[in-house]
Participant: 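Could you have a look at this structure, given as structure tokens, before my questions?
Below, chain A is the first sequence line, B the second, and so on; all start at residue 1.
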Protein chains: 2
Amino acid sequence: MSTEPAGEPRWLSDEEQYAWQSYLHATTLLEDHLDRQLQRDAGMPHVYYGLLVQLSQAPRRRLRMTELAQNAKITRSRLSHAVARLEKSGWVRREDCPSDKRGQNAVLTDEGLRVLEKAAPGHVAAVRAAIFDRLSPEQVGQLAAICRTVADGLQPQGADLPWLR
Amino acid sequence: MSTEPAGEPRWLSDEEQYAWQSYLHATTLLEDHLDRQLQRDAGMPHVYYGLLVQLSQAPRRRLRMTELAQNAKITRSRLSHAVARLEKSGWVRREDCPSDKRGQNAVLTDEGLRVLEKAAPGHVAAVRAAIFDRLSPEQVGQLAAICRTVADGLQPQGADLPWLR
DNA sequence: CACCCTTAGTTAAAACTTCAAGAAATGGCG
DNA sequence: CGCCATTTCTTGAAGTTTTAACTAAGGGTG
């Protein structure tokens, strides 16, 4: 479907290989760095922090599970487990959806909000130190454009992530 | 040390927030996509594939554990587990280091090489489809420069990754 | 040589993710 | 209404990663 065994594989050029290698190094180092920073300062991994952020920005600090999963770009299964953990920690609470009896809302608790507000400055500082203080404004724009393009090509339609058509 | 609780946190500008959001979406989607692609076509996650690639490019298809971990930007612990699994699959073999009795070499087996060669075309195609076929040559250069800058700022010196000084 | 600090790598346990399967409600459609 | 495909979300098991502790060998230094 996406990777049929073509006759002659088109390998990457030297520039592409270099870019790819650099990308892999940067992203794994950064992900590691932020995971450790948040685990240390907020007691949760980066993805979980991202879920709290999403909830904090949502209308009544609540979001349907599926919508939250879409926003965070993770599977519903992963979200189920994550919310279970966040619930156990007291940062998030589940709530039945009134209009659809199948549905659940994830709700950011007051305590969750406090944890988030406490962790946010340090996290922003870490992101800034790792990225935005090191890139020129032009590069920030370039990065955004590149990422948008890549993400647009990946909005999944198979497996467990059939959002967007 | 890196994230002291400064008096007034400098939040991200709108452009920065947008870039950061785009980055997070693109990288998680891409990582997911490649993990699935390789799990399906090669029976291993992306990181493990990267280990095989590193080994295949090393002098005698072998590398000291620590060096391999450095190249792949992962912890030694993670590598230990990964190699244990790859060994069980028969793609990699461990070997005592002659010059240092503490040391181990990870060696790519013939079978590992075959698996790699079989998976490589499809993987390159996936990477190409997701990134390089969608970006202009200028963007590829920009991406490399940006990633280099970010990675340079993250070469860790704490915890379990004390490489580079 | 004896001591001690460092380096190489492993391990167990806990945490997290993935995968496949499944329960329950919804929404057509005849 | 009755049926069936779809959507929503959860679950258990297997696989992966993290963290901290640990063994063993190197490498000074006195």
Participant: Checking A:Asp110 against A:Arg114 for the salt bridge (Lys or Arg N to Asp or Glu O under 4.0 Å) test, could you report, in this order, the C-alpha distance in whole Å, the side-chain angles of both residues, the deciding distance, and whether it holds?
Facilitator: CA-CA 6 Å; A:Asp110 292 347; A:Arg114 276 200 299 280; 5.6 Å; no

Participant: Of the listed nucleotides (C:dA8, C:dT10, C:dT11), which one gets closest to any side-chain atom of B:Arg64?
Facilitator: C:dA8

Participant: Would you kindly give the CZ-to-P distance between B:Arg76 and D:dT19, to the nearest whole Å?
Facilitator: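 Distance check: B:Arg76 CZ to D:dT19 P gives 14 Å.
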
Participant: Take a 6.0 Å sphere around CZ of B:Arg128 and say whether it holds more than 12 heavy atoms from other residues, nucleotides or ligands.
Facilitator: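 Yes - once you tally the heavy atoms of other residues, nucleotides and ligands closer than 6.0 Å, there are more than 12.
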
Participant: Quick check: any donor-acceptor pair below 3.5 Å linking the side-chain of B:Ser77 to the base of C:dT11?
Facilitator: yes

Participant: Rounded to whole angstroms, how far apart are CZ on B:Arg85 and P on D:dA14?
Facilitator: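 After rounding, the gap between these two atoms is 15 Å.
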
Participant: For the side chain of B:Thr109 and the backbone of B:Trp91, is there at least one donor-acceptor N/O pair under 3.5 Å apart?
Facilitator: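 Checking the backbone N and O of B:Trp91 against the side chain of B:Thr109, a donor-acceptor pair under 3.5 Å is found.
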
Participant: Nearest to the side chain of A:Tyr48, which nucleotide is it out of C:dT10, C:dT17, D:dT18?
Facilitator: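 Given the options C:dT10, C:dT17, D:dT18, the side chain of A:Tyr48 is closest to C:dT17.
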
Participant: What I want to check is whether an N or O donor and acceptor connect the side chain of B:Thr75 with the base of D:dT17 at under 3.5 Å.
Facilitator: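 No.
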
Participant: Write down the distance between CZ (B:Arg40) and P (C:dT18), rounded to a whole number of angstrom.
Facilitator: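 Rounded to the whole Å, the gap is 16 Å.
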
Participant: Please pick, from D:dC9, C:dC19, D:dT18, the nucleotide with the shortest atom-to-atom distance to any side-chain atom of B:Arg36.
Facilitator: C:dC19

Participant: Looking only at the side chain of A:Asp100 (C-beta and beyond, no hydrogens), which of the listed nucleotides D:dC9, C:dT11, C:dA25 gets closest?
Facilitator: C:dA25

Participant: Rounded to whole Å, how long is the line connecting atom CD of A:Glu95 with atom C1' of D:dT8?
Facilitator: 16 Å

Participant: C:dT7 C1' sits how many Å from B:Arg102 CZ, rounded?
Facilitator: 5 Å

Participant: When the distance from CD1 of A:Ile74 to C1' of C:dT17 is rounded to whole Å, what number comes out?
Facilitator: 10 Å

Participant: Of the listed nucleotides (C:dA12, C:dG9, D:dT17), which one gets closest to any side-chain atom of B:Ser80?
Facilitator: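 That would be C:dG9.
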
Participant: If you assign B:Ser99 and A:Glu67 each to the DNA chain D nucleotide with the nearest heavy atom, which residue ends up on the more 5' nucleotide?
Facilitator: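 Comparing both residues, the 5'-ward one is A:Glu67.
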
Participant: Is any side-chain N or O of B:Thr66 under 3.5 Å from a base N or O of C:dT7, one able to act as donor and the other as acceptor?
Facilitator: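 Looking at the base of C:dT7, it does not pair with any donor or acceptor on the side chain of B:Thr66 (distance under 3.5 Å).
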
Participant: Specify the separation, in whole Å, of atom CZ of A:Arg78 and atom C1' of D:dT8.
Facilitator: 19 Å

Participant: Grab the two heavy atoms, one from A:Ser22 and one from B:Cys147, that are nearest each other, plus how far apart they are.
Facilitator: O-CB, 3.5 Å

Participant: Within a reach of under 6.0 Å around CZ of B:Arg134, are more than 12 heavy atoms found that belong to other residues, nucleotides or ligands?
Facilitator: yes

Participant: Measure from the side-chain heavy atoms of B:His81 and tell me the nearest of C:dT26, D:dT17, C:dC19.
Facilitator: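 The nucleotide sitting nearest to the side chain is D:dT17.
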
Participant: Round to a whole Å and report the spacing from CE of B:Met65 to P of C:dT11.
Facilitator: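 That distance rounds to 10 Å.
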
